[in-house]
Participant: 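Attaching a single structure in structure tokens format; questions to follow.
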Amino acid sequence: MRNWERSQELFEEAKQYIPGGVNSPARAFGSVAMDPIFMERGRGAYVYDADGNGYIDYVLSWGPLILGHAHPDVVAALQSRARLGTGFGTPTELETELARVIADAVPSIEQVRLVNSGTEAAMSALRLARAYTGREIIVKFDGCYHGHVDSLLIKAGSGALTHGEPTSPGVSSAAAAQTRTCPYNDLEALKDLFAGEGEQVAAVIIEPVAGNMGCVPPREGYLQGVRELTERYGSVLIFDEVMTGFRVAWGGAQTLFGVTPDMTCLGKVIGGGLPVGAFGGKREIMQLLSPVGAVYQAGTLSGNPLAVTAGHETLASLSEPGVYEALSARTEQLSWGLLRAAESAGVPVYATRVGSMFTTFFSEHPVYDLAGASACNTDRFARFFMGLLHRGVYIAPSQFESGFVSTAHGEGEIEQTIAAAEEVFREL
Ligand SMILES: *Cc1c(COP(=O)(O)O)cnc(C)c1O
């Protein structure tokens with residue numbers, strides 16, 4: 001059995017100065033009834049904590065590290081870039097290079113603006129969509145997460161369609177009043193909503209593969225249906241690909257499913273582990289942004305040379321032939337291995353996978369939406385998490401998160417993970 005004595009000491013200290021000891025709540029390990037682990041370093045597929053324990057890592061900084069930890073090319077590029085200065089508050093050629101790669105890869109993006117986080121990307125995309133349409137209502141889906149933007153911290157109350165109810169105190173009723181929510185993967189519910197007030201809908205924002213209630217793929221034809229509906233009503237369709245962009249495929253979920261939104265939000269992988277977000281879309285929409293247009297949006301450190309270098313170097317690696325095929329094959333091997341291990345131990349699970357995203361839901365039923373995900377056995381998940389942790393496998397400390405595989409995960413790590421899971425499933 002491992003222990004986390006040093007992590008516990010560090011946590012006690014951190015709690016004195018940082019609310020809850022963490023700078024982002026998902027790190028608190030709240031849903032697995034354990035104190036957070038303080039990590040110290042990472043290399044390839046492995047992370048090492050403050051007590052010296054090593055783990056095969058399927059969290060990967062919550063998605064960005066698609067090349068694994070401390071990839072030599074990324075580290076070298078950052079080192080040489082840092083020596084040249086970390087920012088000037090002027091444009092740099094590096095920004096154009098990253099923007100060009102993104103615009104070439106992502107079908108919906110003609111122009112793109114770089115920001116510092118996924119939250120910023122979503123917030124700015126909404127402002128722009130509202131300005132472009134002259135409308136105010138935003139539609140989002142239960143269980144989809146778009147960062148901590150006020151108007152998107154909304155979940156449904158009872159019933160399929162409700163007026164927005166804030167999920168968090170501090171979100172004003174005015175911010176919530178312009179948000180509508182629908183169940184994910186339910187085209188009929190969205191049609192009903194549009195039949196009522198479609199003419200006032202500025203934007204529909206959606207994760208084309210939901211990743212923030214666990215990995216929940218879109219049902220056959222669902223994204224196409226959302227595209228048709230938004231087109232018919234003149235609403236801006238925003239794909240939030242902060243998680244899926246350059247993760248599930250080169251160019252994101254929109255290339256995988258062949259559905260092109262009007263705007264796209266990016267983050268995570270495009271920063272290669274440093275803070276980068278982006279939002280982009282049709283030139284006609286993007287040209288409304290200041291300084292060309294009147295929609296204000298800005299950032300002191302947006303597109304800073306270090307972050308952009310990490311992103312550019314990461315995308316350069318990903319553009320090599322065969323990278324995504326190999327990632328998908330590895331992840332499939334893992335996902336099937338986990339499913340078979342659960343079945344042979346008699347533990348009911350539902351396994352999902354898209355590209356290198358995967359989730360093992362502790363559910364007897366398929367999971368298509370938040371209701372399905374919420375019905376999972378989270379106690380059993382917590383025991384699964386702990387069992388894996390003691391065997392040197394680190395998955396996200398919540399049933400409602402996607403797992404990630406990196407290019408640094410080899411056959412050996414996958415087999416070791418499945419072997420550990422076989423033992424844990426038998427104990428459940
Ligand atoms: C992570 C995530 C965000 C928020 O990004 P931050 O960089 O944490 O602000 C937004 N949308 C989706 C789909 C995400 O997965």
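We're numbering straight along the sequence, starting at 1. Both ligands and their constituent atoms are indexed starting at 1 by order of listing.
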Participant: Atom 5 (O) of ligand 1: which protein heavy atom is closest, and how many Å away?
Facilitator: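 Nearest neighbour among protein heavy atoms for atom 5 (O) of ligand 1, to 0.1 Å: G118 CA, 3.2 Å.
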
Participant: Do T133 side-chain atoms and R135 backbone N/O form a donor-acceptor pair below 3.5 Å?
Facilitator: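 Present.
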
Participant: Are any side-chain N or O atoms of E228 and backbone N or O atoms of G225, one a donor and one an acceptor, separated by less than 3.5 Å?
Facilitator: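 Not a single qualifying donor-acceptor pair exists.
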
Participant: Mark the output for K268 as yes if a heavy-atom distance to ligand 1 is under 4.0 Å, and as no if none is.
Facilitator: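 Distance cut 4.0 Å: K268 passes for ligand 1.
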
Participant: Determine yes or no for a side-chain-to-main-chain donor-acceptor pair under 3.5 angstrom, with E313 supplying the side chain and V74 the backbone.
Facilitator: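 No, the answer is negative, given that no donor and acceptor are paired below the 3.5 Å cut-off.
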
Participant: Side chain, backbone, both or neither: which part of H146 has a heavy atom under 4.0 Å from ligand 1?
Facilitator: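 Backbone only.
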
Participant: State the atoms of ligand 1, each with its element, that fall below the 4.0 Å cut-off from a heavy-atom position in E207.
Facilitator: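 Within the 4.0 Å cut-off of E207, ligand 1 contributes 13 (C).
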
Participant: Which of the numbered atoms in ligand 1 are below 4.0 angstrom from a heavy atom of S117?
Facilitator: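 Atoms satisfying the 4.0 Å criterion: 7 (O), 9 (O).
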
Participant: Is there a polar contact, in the sense of an N or O pair closer than 3.5 Å, between Y145 and ligand 1?
Facilitator: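 Yes, at least one N or O pair falls under 3.5 Å.
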
Participant: Apply ring pair (Phe, Tyr, Trp, His ring centres under 6.0 Å) to the pair Y46 and Y55, showing each step before the final yes or no.
Facilitator: CA-CA 5 Å; Y46 293 85; Y55 311 87; 9.7 Å; no

Participant: Got the closest protein heavy atom to atom 3 (C) of ligand 1, with its distance?
Facilitator: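 For this ligand atom, the closest protein heavy atom is V242 CG1, 3.7 Å.
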
Participant: Is there a protein heavy atom at a distance of less than 4.0 Å from atom 7 (O) of ligand 1?
Facilitator: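 Neighbour list for atom 7 (O) of ligand 1 includes protein heavy atoms (cut-off 4.0 Å).
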
Participant: Give me the residue, atom name and distance of the protein heavy atom closest to atom 9 (O) of ligand 1.
Facilitator: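 Residue, atom and distance for the closest contact: T119 OG1, 2.6 Å.
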
Participant: Which heavy atom of the protein is the closest neighbour of atom 11 (N) of ligand 1, given with residue, atom name and distance?
Facilitator: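 Answer, as residue, atom name and distance: D240 OD2, 2.7 Å.
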
Participant: Considering only NZ, NE, NH1 and NH2 on the basic side and carboxylate oxygens on the acidic side, decide whether D186 and R219 come within less than 4.0 Å.
Facilitator: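 Not counted as a salt bridge, because no side-chain N and carboxylate O are separated by less than 4.0 Å.
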
Participant: Is a side-chain donor or acceptor of R127 paired with a backbone partner of V295 at a separation under 3.5 angstrom?
Facilitator: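 Not confirmed, R127 side chain does not pair with V295 backbone.
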
Participant: Where the side chain of S172 meets the backbone of A175, is there a donor-acceptor pair that is under 3.5 Å apart?
Facilitator: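 A pair under 3.5 Å: yes.
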
Participant: Is ligand 1 under 4.0 Å from a heavy atom in the side chain of T244, in the backbone, in both, or in neither?
Facilitator: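 The answer is neither.
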
Participant: Check step by step if side-chain contact (heavy atoms from CB on, under 4.5 Å) holds for F400 and T378.
Facilitator: CA-CA 9 Å; F400 310 115; T378 49; 3.9 Å; yes

